[in-house]
Amino acid sequence: MVYIGCHLSSQDGFAAMGRTMSRFGGNTFAWFTRNPRSGQARPVDQDDIEALRLHAQKESFGPLVAHSSYTMNLCSAKPETRANGLEMLKQDLARMELLPGNLYNFHPGSHTGQGTLVGISQIAEALNASLWPDMHTTVLLETMAGKGSEIGGSFEELREIIDRTTLKDKVGVCFDTCHTWDAGYDLVNDLDGVLRRFDDVIGLDRLKAVHLNDSMNIRTSHKDRHEKLGHGLIGMEAMKRIVLHPALAGRPFILETPNENEGYMEEIRTVNTWIEEGNR
Ligand code: FE
Ligand code: FE
Ligand code: ZN
């Protein structure tokens with residue numbers, strides 16, 4: 001049994017996202033912690049947060065998966081971009097404490113010419129400057145397509161970041177199927193092998209969430225263009241095997257497919273049918 005949901009707009013607040021997800025038939029969701037344009041977070045409304053907490057409890061939601069701003073780059077060559085990213089990370093994690101027990105996902109970053117090793121050490125440095133022992137959030141490094149100078153296009157790079165982080169029990173990984181495919185991992189013909197590889201390099205216990213996306217491009221394309229489930233090069237059969245794979249049981253699965261509400265509802269319905277089949 002897995003949890004299923006999609007990325008939602010946070011413009012009407014937290015409780016609204018919970019209600020929307022129940023209407024869509026899901027039991028988890030993701031949202032951006034900041035407005036993509038302004039980089040600002042919404043003002044905190046305790047009543048709204050409490051209403052979501054009650055709703056999620058009543059509807060047996062799985063862990064929620066916050067997504068950091070794309071503008072946050074912890075390993076930019078520009079010191080002011082790095083400093084800005086670190087500030088965003090600290091503020092986001094402080095706000096996540098209002099919703100204890102959930103997940104905070106971010107793109108490790110792009111080294112913008114500094115080289116992979118420098119990038120990895122700067123990301124770990126930022127984590128070491130912002131995680132604290134009694135925080136109630138698990139921070140997730142997302143598997144990336146390896147576009148441009150992106151860090152995280154291989155499991156080994158993510159492992160390196162975790163190795164250099166002091167509070168390792170606060171760090172996990174979000175497995176994005178489109179990105180992992182685009183990075184070169186064969187989810188279609190060798191899903192078992194890919195997950196075994198993940199287990200060997202990082203450990204499946206660190207895999208805390210999945211971004212369930214098909215890909216517009218061929219394996220090893222390093223492109224990062226999401227496609228609707230079954231409309232891309234990963235395909236419906238592989239998507240179903242991913243959802244039902246025993247190694248991924250219990251995780252929140254988040255759709256980041258190019259859809260409006262109707263499309264998300266339909267994909268959630270499809271995934272729920274698989275889950276029911278899997279239970280029989
Ligand atoms: Fe992402
Ligand atoms: Fe993603
Ligand atoms: Zn992506």
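Start at 1 and go down the list; that is how both ligands and their atoms are numbered. In this chain, numbering begins with 1 at the start of the sequence shown. Basis for what follows: all heavy atoms, side chains included, without hydrogens, waters or symmetry-related copies.
Distances from the Zn ion (ligand 3) show that C178 has no N/O/S atom below 2.8 Å.
Between F29 and F24, the ring centre distance reaches or exceeds 6.0 Å. Ring centroid separation for the pair Y185 and F155 comes in under the 6.0 Å cut-off. Checked against a 6.0 Å centroid threshold, the rings of H211 and H7 do not count as neighbours.
Of all the heavy atoms in G172 and K208, the pair that sits closest is CA-CG, 4.3 Å.
Protein atoms of type N/O/S that fall under 2.8 Å from the Fe ion (ligand 2) number 4 in this view.
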| task | Step by step, work out the side chain to side chain donor-acceptor pair (under 3.5 Å) result for D224 and H179. | result | CA-CA 6 Å; D224 188 2; H179 298 177; 3.0 Å; yes
| task | Please step through side chain to side chain donor-acceptor pair (under 3.5 Å) for the pair E267 and T257, ending with a clear verdict. | result | CA-CA 9 Å; E267 288 188 345; T257 43; 2.7 Å; yes
| task | For Y70 and H107, run ring pair (Phe, Tyr, Trp, His ring centres under 6.0 Å): C-alpha distance rounded to whole Å, both residues' side-chain angles, the deciding distance at 0.1 Å, then the answer. | result | CA-CA 7 Å; Y70 288 133; H107 296 184; 5.0 Å; yes
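An angle of 90° is found at the Zn ion (ligand 3) between D224 atom OD1 and H226 atom NE2, rounded to 10°.
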